[in-house]
Amino acid sequence: MPEVNGRWVADMKSARQADNEEPAEERAHDFRPVDRGFTKEMAIAEAQRCLRCKKPLCVEGCPVNIDIPGFIEKIAEEKFGEGLDVIHEASMLPAICGRVCPQETQCEGVCIRGKKGQPVAIGQLERFLGDQPELASQPQMSPSSGKRVAVIGSGPSGITCAGELARNGFDVTVFEAFFTGGGVLVYGIPEFRLPKAVVKREIDGLREMGVKFEYNAVMGNLADAEELLGEKGFDAIYVATGAGLPKFLNIPGENLPNVFFANEYLTRVNLMKANQFPEYDTPTKRAKTVVVFGGGNVAMDAVRTAKRLGAERAIIAYRRTEDEMPARKAELHHAKAESVEVMPLVSPLEFLKGEDGNVCGVRVQRMELGEPDASGRRRPVPIEDAIEEIPCDVAISAIGTNANPFAKKIGGMELNKWGYIIADEETGRTSNPRIWAGGDIVTGAATVILAMGAGKKAAADMTRVLLGA
Ligand code: FAD
Ligand code: SF4
């Protein structure tokens, strides 16, 4: 490694390390992780590409402002535990964020090396360290404050908040509606992108820090805010119930058997292990042709899952073109490599019923792109009389989600007209001085890192308010 005055200098010649992926034709038939991650040698070589910019744009590009050059330098010096400690100052979930963050539009999107070539593979380096949690220093735990906090929801926002609070000396209980923790990280994002063991490791770490988890606990039914803050004896609540309520297409045939919402389809496979039926109780339809409507990460996860369940044709049908798809480019690239078909410029009109009563096809409207809409993307406009039928035996709708309706049942806070909690962006404070909120239930469907950042900010504010710190 070239050095000047005892410090290494960036290797300007080497190209970005290629992703270490399983071959597409093999991985498309099972749920093994697509990306094996960097080896030690790859990580060190990649770290040496970093310029250690004086004003690192990548840090600003990261929603939780990780000291990116700081941890990369530690990798280049092979001080991996120290590198992990640098990340932990800002983020407790590097193994997760390194895998699922949209780095290309965040830290890597502004990396100086990307201006004239390929940006440093920041996400891969973060994951490399995150996958070696045993190297990190033990977190400093504050003495018990005697205060109790209820966290509702165990997605990335809830678990981040819980971890920060536990470290600050709070007695924390996480209430989760499902029988296991992790939120979308376990029920939505498939094993081939984010192994469940990685999420379990984070939850186990929280337990070791003293956080209690109560599963199958649907708050709003089991207890509302008033009871939690009253007879249950909690001093404060953090609400992070997410935005998992599916949006309807509102077209005929949406209730036909084998027409699914993406979240339901994914939950069946990811959480209920429908891919291992009858070993596990929950079945799902193994179809020959699957059409998924949508163009985001959820649609990509659904179509790639369908492929792995044996679909001969797995189709993404989107009303705009590939260029406008909100999914990460890497996910689209992976899907296409796995023989997923992309059908641009179509919009569903009706799900068709077969002789056996199940869905047998979708009638779609062909579209073209018109003028840009409020989002800046060109608006899809129907082409007159261009209506077609796509035969299929499973159809999946992945056109977005709404606020989790339980926020209203939990009560005690002001909601906006769409049912999202009104909370301060910087502190997570709601209209109730004893309730904080964050993640998708405040912002609408967003990203893991933003949900996590909200949990962290709220924990800091709760600590200030509850302890006068
Ligand atoms: P969630 O993760 O939704 O967690 C909320 C939790 O609250 C759930 O476990 C739920 O069961 C629980 N809950 C709800 N109501 C109650 C109640 N009344 N009582 C108790 N518990 C309750 N983001 C990325 O950054 N990268 C990606 O690649 C990506 N891919 C995605 C793929 C899919 C399929 C989906 C659905 C989302 C994806 N996202 C991705 C978005 C990201 O996962 C979310 O933005 C993030 O999980 C939001 O975190 P959260 O903690 O706010 O909510
Ligand atoms: Fe390194 Fe790129 Fe960040 Fe500069 S912008 S410090 S080159 S990762």
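The chain is numbered in sequence order, starting from 1. Here the structure is a predicted model, which means the values were calculated and not measured. Indexing begins at 1, ligand by ligand and atom by atom, following the structure's order. The figures here come from the full heavy-atom set of this structure, side chains too, leaving out hydrogens, waters and symmetry mates.
Using a 4.0 Å heavy-atom cutoff, R193 is listed among the residues neighbouring ligand 1. Taking 4.0 Å as the cut-off, A240 counts as a neighbour of ligand 1 on heavy-atom distance. Contact analysis puts A446 in contact with ligand 1, with a non-hydrogen atom separation below 4.0 angstrom.
Contacts with ligand 1 closer than 4.0 Å are made by side-chain heavy atoms of I152 only, the backbone lying farther away. When heavy-atom distances to ligand 1 are checked against a 4.0 Å cut-off, A217 comes that close only through its backbone atoms N, CA, C and O. Within the 4.0 Å heavy-atom criterion, neither part of N221 lies near ligand 1. In V448, the parts holding a heavy atom less than 4.0 Å from any atom of ligand 1 are both the side chain and the backbone.
Classification of the F128-F80 ring pair by plane angle, with boundaries at 30° and 60°, yields perpendicular.
For atom 6 (S) of ligand 2, the nearest non-hydrogen atom of the protein is P69 CG, 3.4 Å. The nearest protein atom to atom 7 (S) of ligand 2, hydrogens excluded, is given as L51 N, 3.4 Å; this is a heavy-atom distance. The closest protein non-hydrogen atom to atom 1 (Fe) of ligand 2 is C50 SG, 2.4 Å.
At a threshold of 2.8 Å, atom 2 (Fe) of ligand 2 has no backbone or side-chain N, O or S atom of C58 nearer than that distance.
Within the listing of ligand 1, atoms 48 (C), 49 (O), 52 (O) sit less than 4.0 angstrom from a heavy atom of A451. If you number the atoms of ligand 1 from 1 as listed, the ones under 4.0 Å from a heavy atom of E176 come out as 6 (C), 7 (O), 8 (C), 9 (O), 10 (C), 11 (O), 12 (C), 20 (C), 21 (N). Each of the following atoms of ligand 1 lies closer than 4.0 Å to a heavy atom of D301: 32 (C), 33 (C), 34 (C).
The option from V184, L185, D440 that lies nearest to atom 1 (P) of ligand 1, judged by heavy atoms, is V184.
No side-chain donor-acceptor contact under 3.5 Å links E264 and T267.
In this structure, D131 contributes its side chain and A95 its backbone to no donor-acceptor pair below 3.5 Å.
F192 carries R308 over the face of its six-membered ring, with the cationic atom under 6.0 Å from the centre and within 45° of the normal.
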